[in-house]
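All remarks here apply to the structure that follows.
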Amino acid sequence: MASSVNGTEEVRVPALTPPKLLGLVCVFLALCLDVGALLSPAWVTADDHYYLSLWRSCRKTFGSAEWSCDFTLTTDWQRVTVNLLLAGAVHKLLCFIVALVSMCVGTVRRCYTLVAVLLFNAVVMQMCSLVLFPIKFIETVTLTVYHEFNWGYGLAWGSTIFSFGGGLLYCMHPKNYEEYC
């Protein structure tokens, strides 16, 4: 795949290398985890009497079988958390589409640089929301029982980690991939 231009050798890299394919898989997994985190009913749970998602908070009073649920997006920190998570998910969706089109069409690596930048933007937004959420939750919600951050919160962290890994993979620009095998 090398050609000579004015006595210098130009090495062409195929549009799809194993790191780019693995990066695409990471972005897809991150998107799946984002959907799970956004739809999860369990970001915070306390015994069997309280749970909090991004969208609603439900309590069951002692001795009662009924749950009382309220809409949670009433405070600024809750709206910021959801908006940052949604913005990160939209960035990842754009990354997935651009990377998939680039892979199918065989475009140059400039598209991959865009994908990496968008993924790192998504990571920063989601990390901010995932740090903000527990700090503000502990500061504003008073629970007298043991509570824990549950699987919905963990899925969001998993999505962020896969996004970071995908961004790193899209940053790899070997001149000749065969040298790395």
Side-chain angles (χ1 to χ4, degrees), residues 13-45 51-57 71-141 148-174 177 180:
V13 178
L16 178 64
T17 59
K20 303 307 185 246
L21 184 59
L22 188 56
L24 185 65
V25 170
C26 284
V27 175
F28 177 75
L29 290 174
L31 276 172
C32 292
L33 291 172
D34 268 339
V35 169
L38 289 168
L39 297 178
S40 167
W43 271 57
V44 177
T45 56
Y51 71 88
L52 172 72
S53 73
L54 292 175
W55 312 104
R56 64 187 201 165
S57 170
F71 185 65
T72 59
L73 298 179
T74 56
T75 62
D76 290 339
W77 70 269
Q78 289 169 323
R79 287 189 293 267
V80 168
T81 299
V82 169
N83 285 330
L84 285 171
L85 286 171
L86 286 172
V90 168
H91 272 73
K92 286 183 240 181
L93 180 61
L94 289 173
C95 289
F96 183 73
I97 292 169
V98 169
L100 190 61
V101 168
S102 295
M103 182 183 79
C104 293
V105 175
T107 59
V108 294
R109 68 180 185 197
R110 280 181 285 201
C111 291
Y112 292 141
T113 303
L114 172 67
V115 168
V117 169
L118 287 174
L119 280 173
F120 289 132
N121 282 341
V123 167
V124 169
M125 286 187 281
Q126 289 195 319
M127 282 186 69
C128 289
S129 69
L130 293 171
V131 169
L132 172 72
F133 182 81
I135 291 171
K136 295 306 283 182
F137 173 80
I138 291 170
E139 182 180 292
T140 59
V141 176
E148 59 187 26
F149 294 96
N150 215 318
W151 60 272
Y153 183 70
L155 288 177
W157 271 111
S159 171
T160 304
I161 291 166
F162 273 109
S163 299
F164 184 72
L168 289 177
L169 289 166
Y170 278 107
C171 284
M172 296 175 70
H173 295 296
Y177 179 74
Y180 294 92

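Just so it is clear, the structure is predicted and the values come from calculations on it, not from any experiment.
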* To do: Calculate, to the nearest 0.5 Å, the distance between atoms CG and CG belonging to Leu73 and Leu54 respectively.
  => 8.0 Å
* **Separation between CG of Leu22 and CG of Leu169, rounded to the nearest 0.5 Å** => 5.0 Å
* Closest approach of Gly158 to Leu33 (non-hydrogen atoms, all atoms of both residues) -> C-CD1, 3.5 Å
* Could I get the full list of side chain to side chain contact (heavy atoms under 4.5 Å, CB included) partners for Leu168, not counting sequence neighbours? => Phe120, Phe164
* Decide yes or no on side-chain contact (heavy atoms from CB on, under 4.5 Å) for Thr45 and Glu148, but give the supporting numbers first. => CA-CA 6 Å; Thr45 56; Glu148 59 187 26; 3.7 Å; yes
* Whether Phe96 and Phe28 hold their rings parallel, tilted or perpendicular, with breakpoints at 30° and 60° -> tilted
* Asked: Just checking, is any N or O donor in the side chain of Thr81 or Lys136 under 3.5 Å from an acceptor N or O on the other one?
  -> no
* Structure fact -> The reported gap from SG in Cys26 to CD1 in Ile161 (rounded to nearest 0.5 angstrom) is 11.5 Å
* Report yes if some heavy atom in the side chain of Trp43 is under 4.5 Å from a heavy atom in the side chain of Phe137; otherwise report no. => no
* Test Trp77 against Phe133 for ring pair (Phe, Tyr, Trp, His ring centres under 6.0 Å), laying out the working first. => CA-CA 7 Å; Trp77 70 269; Phe133 182 81; 5.7 Å; yes
* **Aromatic contact, Phe71 with Trp55 (centres under 6.0 Å)** => no
* Can you tell me which residue pairs pass the salt bridge (charged side-chain N to carboxylate O under 4.0 Å, His left out) test with a partner in residues 122-133, sequence neighbours excluded? => none
* To do: Over all heavy atoms of both residues, which pair between Ser159 and Ala30 is shortest? Give the atoms and the distance, please.
  => OG-O, 3.0 Å
* Return the minimal non-hydrogen interatomic distance between Met125 and Ala87, and the atom names on each side. => SD-CB, 3.6 Å
* To do: Could you pull out the closest heavy-atom pair between Ala89 and Gln126, with the gap in Å?
  => N-NE2, 4.0 Å
* What heavy-atom pair brings Gly23 and Tyr170 nearest, and what distance separates the two atoms? -> C-CE1, 3.5 Å
* To do: With sequence neighbours left out, write down each residue that passes salt bridge (charged side-chain N to carboxylate O under 4.0 Å, His left out) with Arg56, or none if nothing qualifies.
  => none
* Asked: Under 4.5 Å between any side-chain heavy atoms of Thr72 and Leu52, yes or no?
  -> yes
* Asked: Could you give the distance from OG1 (Thr113) to CG (Leu118), rounded to the nearest 0.5 Å?
  -> 11.0 Å
* To do: Report yes or no: does Trp151 contribute a side-chain atom to a donor-acceptor pair with the main-chain N or O of Ala37 at less than 3.5 Å?
  => no
* Asked: Atom CG of Leu24 and atom CG of Leu21: how far apart are they, to the nearest 0.5 Å?
  -> 6.5 Å
* **Pair Gln78, Thr75: side-chain N/O donor-acceptor within cut-off below 3.5 Å** => yes
* Verify, without hydrogens or angle tests, whether Thr160 (side chain) and Ala156 (backbone) share a donor-acceptor contact under 3.5 angstrom. => yes
* To do: Over all heavy atoms of both residues, which pair between Tyr51 and Pro41 is shortest? Give the atoms and the distance, please.
  => CD1-O, 2.9 Å
* After noting the C-alpha distance and the side-chain angles of Leu31 and Val35, does the key distance pass the side-chain contact (heavy atoms from CB on, under 4.5 Å) rule? -> CA-CA 6 Å; Leu31 276 172; Val35 169; 5.8 Å; no
* Starting at OG of Ser102, measure out to OH of Tyr112 and round the result to the nearest 0.5 Å. => 5.5 Å
* Aromatic rings Trp157 and Tyr153: how do their planes relate, parallel, tilted or perpendicular, breaks at 30° and 60°? -> perpendicular
